[in-house]
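In this text the structure is predicted, and so the values were computed from the model without any measurement. As the structure lists them, so they are numbered: ligands from 1, and atoms in each ligand from 1. All residue numbers refer to positions in the sequence shown, counting from 1.
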Amino acid sequence: MVIDGLGTPERAWRPFVDALRLPALSLAETPDRAVVVAPHPDDEILGVGGLLAMLAAAGTRVDVLAVTDGEASHPGGSVGPERLAVLREPETARALAALGVNATTQRLRLPDGGREELEQPVVDALQLEPGTWLLGPWRGDGHPDHEAVGRACATAAIRDGARLLAYPVWAWHWATPHDERVPWSRAAQVNLSPDIRSAKARAVAEFVTQVRPLGPLDADAPVLAPHILERFARPYEVVLT
Ligand SMILES: [Zn+2]
């Protein structure tokens, strides 16, 4: 999987996903607790921010496991990794607040870009009661950190009897409609109300270090450029069950 260039445009995804007629994720019975795992700060909001808001509104306790501090988002940029980690930390809290999610956040501070190194510490950090919903990155997402954390989530969910819901982030970039590498048959849709959708937009905008240039250099360009953000401004989220 190659994550470069502009990736698949959102205008190509929308008719395809609509035609799939995915089942809606049932929120008729919501869990007491949900744990969302973020390889990098912002992944959890892009992937399932709307779902988090809906669960919190339904009374589910939401906990965040932040695997890395996302310090490697701008290699060679004007802001060094240590400073970037400091700047990024409060962005998550502000984003969760915008979604009305009063979450506790556990930070593992593992290295951004740690790939396989991230897997076992995440397995060890997750302690889930049976029936907890575990929202983690999809293990086929194409980014090595996301895949390692996704594998860890799958392992922990089986061990603890949790319900795993995997969210794609970068698959929307490298995959194409009808792509056989994506298990569309296991996909479910979380439909977002206009209020939730606008709360998610406000939440995403809180990741200032990712949505705005960090400085004047080419390496300061926003990671979350408009063509990427478009994919996460949909009126629905997709999870793999
Ligand atoms: Zn990420």
> Which protein N, O or S atoms does the Zn ion (ligand 1) have within a distance shorter than 2.8 Å?
Replying inline: His40 ND1, Asp43 OD1, Asp43 OD2, His146 NE2

> Is any side-chain heavy atom of His146 less than 4.5 Å from a side-chain heavy atom of Trp138?
Replying inline: no

> If you group Ile, Leu, Val, Met, Phe, Trp and Tyr whenever their side-chain heavy atoms sit less than 4.5 Å apart, what else falls in with Leu65?
Replying inline: Val35, Val37, Val67, Leu108, Leu110, Leu118, Val122, Leu126, Leu128, Leu134, Val149, Leu164

> By salt bridge (Lys or Arg N to Asp or Glu O under 4.0 Å), which residues pair with Glu119, not counting sequence neighbours?
Replying inline: Arg151

>> I'd like to know whether Arg139 forms a salt bridge (charged side-chain N to carboxylate O under 4.0 Å, His left out) with Asp141, so could you lay out the CA-CA distance, the side-chain angles of the two residues, the decisive distance to 0.1 Å, and finally the verdict.
In response: CA-CA 6 Å; Arg139 64 190 127 164; Asp141 203 35; over 6 Å; no

>> Could you check whether His40 and Asp145, counting side-chain N and O atoms only, form a donor-acceptor pair closer than 3.5 Å?
In response: yes

> Other than Leu87, what residues sit in its cluster of Ile, Leu, Val, Met, Phe, Trp and Tyr side chains whose heavy atoms are under 4.5 Å apart, directly or through others?
Replying inline: Val79, Leu84, Leu214

